[in-house]
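Please read these numbers as outputs of a predicted model, since none were measured by experiment. Order of the sequence lines fixes the chain letters, A, B, ..., with proteins taken first and strands second; residue numbering starts at 1 for each chain.
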Protein chains: 2
Amino acid sequence: MSRMGSMELRQVRYFLALAEECHFGRAAARLHVAQPALSQQIKQLERELGTPLFHRSTRHVELTEAGRELTGYARTLLAEAERARVHMQELATGRAGRVSVGFIGTATYDVLPRVARTVRAQLPDITLELHGELLTPQLVDGLLSGGYDLAVFRSGTAAEGIDLTPLRTEKLVAVLPSHHPLAASAPLPLGALAGEPFVIHPAGPRSAMHDRILTACREAGFQPPSLVEVGETATLVVLVAAGHGVALVPESVQSLRLDGVTYVPLAEQETVDLVLGRRAPHSTAAAQQVAAVVEECVRE
Amino acid sequence: MSRMGSMELRQVRYFLALAEECHFGRAAARLHVAQPALSQQIKQLERELGTPLFHRSTRHVELTEAGRELTGYARTLLAEAERARVHMQELATGRAGRVSVGFIGTATYDVLPRVARTVRAQLPDITLELHGELLTPQLVDGLLSGGYDLAVFRSGTAAEGIDLTPLRTEKLVAVLPSHHPLAASAPLPLGALAGEPFVIHPAGPRSAMHDRILTACREAGFQPPSLVEVGETATLVVLVAAGHGVALVPESVQSLRLDGVTYVPLAEQETVDLVLGRRAPHSTAAAQQVAAVVEECVRE
DNA sequence: AGACATTCATAATGGCTCCTTATGAATACC
DNA sequence: GGTATTCATAAGGAGCCATTATGAATGTCT
């Protein structure tokens, strides 16, 4: 039983070279092989396809009809293989790919748009999936389950299997209704807000900000008399504008300008850290590139 | 220096099997190879492409993003290779291809349309190039130069490098203007046409009919007093209708019905042979198929 | 017409690739 | 924690593909 092989790309490459040169010697030279190698491979290809591809005499080499028809397929095959190779190389070097990035609420209005712009400019072949206004636990779960390749969130929630890179430390600022008596007094000692109702991110494992703010208040010697909990940072600011209370947010939220609210620096150095998380074991090359862009966007 | 190979179709086949099974053992079984062979080939493909294609643990095999992207290319490559293989096989067995057939004038109105119809019905993937109203020397040259794959013409012109197959022997019939006194007398002894002007195919090497007809006249004991030479058989009949003379044509020309002419059988058994010629050394498989159709069309 | 040069096919051999069996390590499951 | 499954690695053998050497055919030049 004569071991039946299938058509291989090497044979296609050989065939096309010979089809273009119509000369075994020159084609073989172009392929960097000796002439008999070419003769044998062409002969084998002809056996496999069941039809001669060239009329040959010692003085003349010419495509048969089948050979002419095959050149089209051959070119298609080699071009497709080359496209695949290039695309794979782009993915390997991270110049292309799909990267999903999640942002915590307070980074949505500041970091997210800058990342989107920079990636589009510097890594045009990367497709970004951006998700804003998320909560830290969602982001951590998403990283671990593969839903997100990268996540920007508040530090404190260390988890197994996630690489953390500190992005920046932000000062907290107070958010007051514009008509509030303290709206003009900067810097504002945190203690001045004692007795005010607070609008705050959700408690429990759902947000890192909640604990951070209550801790700051406790350190300033008071406890907010009432709390309104709200998930999205934008809604939080809107509630302050509507007079439902005051709030503490990272200074980057100041990008979110709204009529009726004033951001007031605190006298204290209360800070929260923003970190970039990526799946530790298998992080895509494209994700690494985008991670670099995120760090770059935050630094300046 | 690590011998750099290029991507091969075998690797693509292996990759796709594994991508679909997501299990080395099953995929290897499907490919009829042992599992380590598959592992090695996949690893080599990954080395060549510069990126992992699968996340693997001992308990889980899953495509990476690059792997997912590659499946598209892989399917395209294999499908194209398969299309090429099928098309080549069609060409090899003669079920597809392009065949150029030339017909001598007197076969144009009889054999040609039947061949066209039958090929279209029985060999739908064959593209026919049909040429009618040609002269024997043109056809022989065309066969030898490759301009025609097959030719239907009159016997007598044997040539080197052409396979001849007799198709049929046709009786000659007289063509007379309908008002001619002899138009009603059938069978007509050839000698009755003595003294009539003859419309005839061109002399010399350009047509086999010319000599055949003059020989017949000589055997009947006369020589036409005047000759009008005309290339196309249709024109010949038209000239007879116009009263320019009489003519002798193979009986198949009777398919060409024209007002003003009458075909009259001869008393003598004067015949001409119709043959099919094909290039002797390299005749396409498709041409063989068409040749069979031509013979079949003529026999009935 | 004959000698020559060119070119493709074939033969024989060697190296490399690929496949095989055997074995080890890791992970999920009981 | 033991066990079974599964993938990777190692080592060896078979086969494919390459090489060099040689022969046959054809076109060309003297």
- Task: Write down the distance between CG (B/L45) and P (C/dT17), rounded to a whole number of angstrom.
- Result: 16 Å

Donor-acceptor list for residues 94-105 of chain A side chains, cut-off 3.5 Å, not counting sequence neighbours:
unit_1	atom_1	unit_2	atom_2	d
A/R95	NH1	A/T93	OG1	3.0
A/R98	NH1	A/E129	OE2	3.3
A/S100	OG	A/G147	O	3.2

- Query: Does A/R30 pair with A/E20 as a salt bridge, N-O distance under 4.0 Å?
  - Reply: yes

- Please give, in whole Å, the distance from D/dT26 C1' to A/E62 CD? 16 Å

- Item | Note: B/R68-B/E65 ion pair, threshold 4.0 Å (strictly below) | no

- Message: Measuring from the side chain of B/P36 (C-beta onward, heavy atoms only), which nucleotide among C/dC19, C/dT20, C/dA11 has the closest atom?
- Response: C/dT20

- Query: What integer distance in Å separates A/R13:CZ from D/dC17:P?
  - Reply: 13 Å

- Note on the structure: Separation of C/dC19 atom P from B/L31 atom CG, nearest Å, is 10 Å

- Per-nucleotide protein contact along nucleotides 1-7 of chain D, 5' to 3', at a 4.0 Å heavy-atom cut-off (B base, S sugar-phosphate only, - neither), is ----BBB

- Task: Please name all residues satisfying salt bridge (charged side-chain N to carboxylate O under 4.0 Å, His left out) with A/E90, sequence neighbours left out, ordered by chain then number.
- Result: none

- Qualifying residue for side-chain hydrogen bond (donor to acceptor under 3.5 Å, both in side chains) with A/Y73, from B/H87, B/E80, B/E82: B/H87

- Looking at B/E296 and B/R168, does any basic side-chain N land under 4.0 Å from a carboxylate oxygen? no

- Note on the structure: Rounded to whole Å, the CG-C1' distance (B/L18 to D/dA8) equals 14 Å

- Message: On DNA chain D, compare the nucleotides closest to A/Q11 and B/K43; which residue's is nearer the 5' end?
- Response: B/K43

- Ignoring backbone atoms, test whether A/Q41 places a side-chain nitrogen or oxygen under 4.0 Å from the OP1 or OP2 oxygen of D/dC17. yes

- Query: Contact class for B/F54 vs. all strands (heavy atom < 4.0 Å): base, sugar-phosphate, or nothing?
  - Reply: nothing

- Return the value, rounded to whole Å, for the distance between atom CZ of B/R10 and atom C1' of C/dC16. 13 Å

- Rounded to whole angstrom units, what separation is found between the CD1 atom of A/I42 and the C1' atom of D/dA18? 15 Å

- Sugar-phosphate, base or nothing in reach of B/E8, heavy atoms under 4.0 Å: nothing

- Item | N/O (side chain, B/Q40) to phosphate O (OP1/OP2, D/dA10) under 4.0 Å | no

- Taken to the nearest whole Å, NE2/A/H32 to P/D/dT19 is 11 Å

- Go through the side-chain N and O atoms of B/T76 and A/R83 and say whether any donor and acceptor fall under 3.5 Å apart. no

